[in-house]
Every structure is written in structure tokens, then in C-alpha cells.
Amino acid sequence: MHDADRLQAQDAPDFEHLLDRALRSEEIREAVRRTDGALNAEQLRTRALQARAALVATAVPEYRDYLQLRAAAAESRPSSPPVPATTAASGLLPALGVLVPALSATAAALFLALGFGLRAVGLPSGFADELVDAGLTAAGVAAAAASVGLLWMLITAARNRSAAEAGGPGGAGTPLAEAYEAWQQALLERGVLPFLLGLLDDPGRKRGPGLTGPGVSGPEVTGPEVPGRE
């Protein structure tokens with residue numbers, strides 16, 4: 001098998017994500033219900049992972065195109081890109097969001113305890129009042145810092161979710177993202193779905209029927225053909 005036809009280690013999570021998506025699809029769920037649970041989702045997933053090499057072989061041309069574009073994109077990237085100023089800020093803000101509320105809350109508890117303690121023992125009320133005021137101020141700072149930290153976390157989570165939904169590697173609409181989507185679609189339609197449906201049609205079958213693609217031999221898939229093997 002050509003090296004580019006094998007699923008690279010960094011793409012294994014993509015294969016598993018696609019497999020999980022197929023298992024959650026209505027088509028597979030309906031097939032599982034129709035067969036009265038002869039094979040459940042976990043059993044199907046295990047069988048598909050065992051046949052991963054054969055399934056990947058059903059989308060070899062699309063996978064090669066994706067690897068070539070990914071390699072070209074990696075070569076065109078600067079070796080040591082400048083770090084934007086926002087990167088340092090994004091790392092500092094979460095730390096401050098944790099430290100400032102904690103320190104302010106500690107200070108507030110200490111000042112309030114001392115202030116009310118002095119009031120309780122009847123010492124000069126002016127100093128006690130100042131401690132209580134300082135404690136209330138520190139408590140306000142802690143609450144404000146905690147609110148800002150929570151807001152920053154929500155904004156960051158929203159940005160990350162938007163980036164994840166934007167598409168495949170390289171951003172939506174780029175040749176790399178389109179090649180990634182083409183590979184995923186081919187793998188789903190020619191490999192994963194036929195394999196899962198074949199298992200459900202015949203739960204005793206160890207290999208999935210109906211897989212087609214370059215290097216795949218026959219209806220009983222054993223993996224890509226090896227030159228010289230009969």
C-alpha cells in the first residue's frame with residue numbers, strides 16, 4: 001500500500017468522529033431498531049475500528065488530495081510566525097480572572113472579620129468602620145472580577161465554538177477545507193455507512209459488504225490489494 005493511502009495518526013480522531021456521526025445518523029439508528037438490536041452501537045463501532053484500514057481504502061483519491069493540500073499548506077506557513085500581542089493578553093486574563101477574585105475575597109473576609117471583631121469588643125469605632133468599609137470594597141472588587149472572568153470565559157467558548165463550526169482545517173471555503181470535506185463525505189458514503197449497514201443486514205459477518213474504492217477487493221473487504229498476492 002502506498003504510504004499516502006494509510007490513515008495517518010493525526011487523522012485517526014477524524015475517522016472516529018466520522019464513525020460516531022454515522023452511528024448517530026437516523027439511517028443507522030433505524031437499521032439497529034429494525035434488527036432488534038442484534039448489534040448495538042458499541043459493537044458496530046468496535047467492528048468498524050477493526051476494519052479501519054479497509055474503510056479508509058474506499059476514499060483513497062480524496063485522502064491523497066487532502067494530504068497533498070495539507071502538506072502544501074504546512075510548507076507555505078512561516079517557520080516562526082510572530083506572536084500577536086493579543087496572545088499574551090489572552091493568557092494573562094484567565095490568570096487574573098482567577099487570582100483577583102480569590103485575593104479580593106480573602107482580603108474582604110479578613111477586613112470584615114477584623115472590623116466586626118473590633119466592634120464586638122468595643123474598641124474605637126472609627127478604625128473598625130474603616131476595616132468594614134475596606135472589606136466591603138474588597139468584596140465588591142471580588143464580585144466584579146468574578147463577573148468579568150465569567151464573561152471572558154463565555155466569549156472565549158463562543159469563539160471556539162464558532163471556529164469549530166466554521167469547517168475543516170484551514171477555514172471554511174479554502175481548498176484544504178473543501179478537500180477535507182470531500183474526503184470525509186467519500187469515506188462516509190463509500191466506506192462507513194455501507195460497512196455498518198452490511199453488518200446490520202448480516203450480524204454474523206466479520207467484514208462489511210458492498211465497499212467499493214481503489215485498492216478494495218471484492219464484497220468481503222479484507223483491505224487494500226497487495227501487488228503479487230493472489
Side-chain angles (χ1 to χ4, degrees), residues 1-25 28 44-91 156-198 207-229:
M1 184 190 295
H2 193 280
D3 288 342
D5 298 347
R6 297 188 180 93
L7 187 69
Q8 297 189 3
Q10 69 188 89
D11 297 322
D14 290 329
F15 175 85
E16 295 183 16
H17 176 73
L18 181 70
L19 174 58
D20 292 336
R21 194 177 81 188
L23 290 170
R24 291 193 301 267
S25 68
I28 297 300
L44 291 171
R45 191 177 194 276
T46 300
R47 298 275 190 93
L49 290 176
Q50 291 172 346
R52 188 179 71 176
L55 296 177
V56 170
T58 64
V60 165
E62 291 82 4
Y63 189 51
R64 285 180 179 174
D65 291 342
Y66 170 56
L67 291 182
Q68 289 174 358
L69 287 171
R70 186 169 67 185
E75 291 176 359
S76 65
R77 257 186 231 116
S79 57
S80 54
V83 179
T86 54
T87 302
S90 63
T156 302
R159 287 177 178 173
N160 291 339
R161 184 168 58 251
S162 299
E165 294 173 353
T174 63
L176 180 58
E178 292 175 355
Y180 174 81
E181 289 301 327
W183 168 53
Q184 291 277 286
Q185 194 66 24
L187 182 57
L188 180 67
E189 294 179 353
R190 298 203 300 260
V192 175
L193 282 178
F195 179 84
L196 297 176
L197 292 171
R207 306 179 187 95
L211 299 184
T212 58
V216 179
S217 54
E220 294 289 313
V221 175
T222 59
E225 295 177 345
V226 178
R229 177 180 295 177

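These figures come from a predicted structure and were not determined experimentally.
The structure places CG of Leu18 at 8.0 Å from CH2 of Trp183, a figure rounded to the nearest 0.5 Å. Put simply, CZ on Arg45 and CG on Leu19 are 5.5 Å apart, with the number rounded to the nearest 0.5 Å. To the nearest 0.5 Å, the span separating CG on Leu196 from CG on Leu44 amounts to 5.5 Å. Atom CG in Leu187 sits 10.0 Å away from atom CD in Gln185 (nearest 0.5 Å). Note that CG of Asp14 is 11.0 Å distant from CD of Gln8, once rounded to the nearest 0.5 Å. Here the CG atom belonging to Leu55 is positioned 11.0 Å from the CD atom belonging to Gln50, to the nearest 0.5 angstrom.
Nearest heavy-atom pair, Glu62 versus Ala182, reported as atom, atom and distance to 0.1 Å: CG-O, 3.8 Å. Between Leu176 and Ala73, the closest heavy-atom pair is CD2-CB, 4.3 Å.
Residues satisfying the side-chain contact (heavy atoms from CB on, under 4.5 Å) test with Ala179, not counting sequence neighbours, are Tyr66, Leu69. The salt bridge (charged side-chain N to carboxylate O under 4.0 Å, His left out) test applied to Glu189 returns no partner, not counting sequence neighbours. The side chain to side chain donor-acceptor pair (under 3.5 Å) search around Gln184 returns none, not counting sequence neighbours. For Gln68, the side-chain contact (heavy atoms from CB on, under 4.5 Å) test picks out Asp65, with sequence neighbours left out. Here Arg52 pairs with nothing under the salt bridge (charged side-chain N to carboxylate O under 4.0 Å, His left out) rule; sequence neighbours left out.
Counting heavy atoms from C-beta outward, Phe195 and Arg47 have side chains that approach closer than 4.5 Å. Side-chain contact check for Pro194 versus Thr58: every heavy-atom pair is 4.5 Å or farther apart.
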Next on the checklist: Working note: Val56 + Arg6, criterion side chain to side chain contact (heavy atoms under 4.5 Å, CB included); need CA distance, chi angles, decisive distance, verdict.
Outcome noted: CA-CA 7 Å; Val56 170; Arg6 297 188 180 93; over 6 Å; no
Item to check | Verdict with supporting geometry, Ser25 and Leu188, side chain to side chain contact (heavy atoms under 4.5 Å, CB included) | outcome: CA-CA 11 Å; Ser25 68; Leu188 180 67; over 6 Å; no
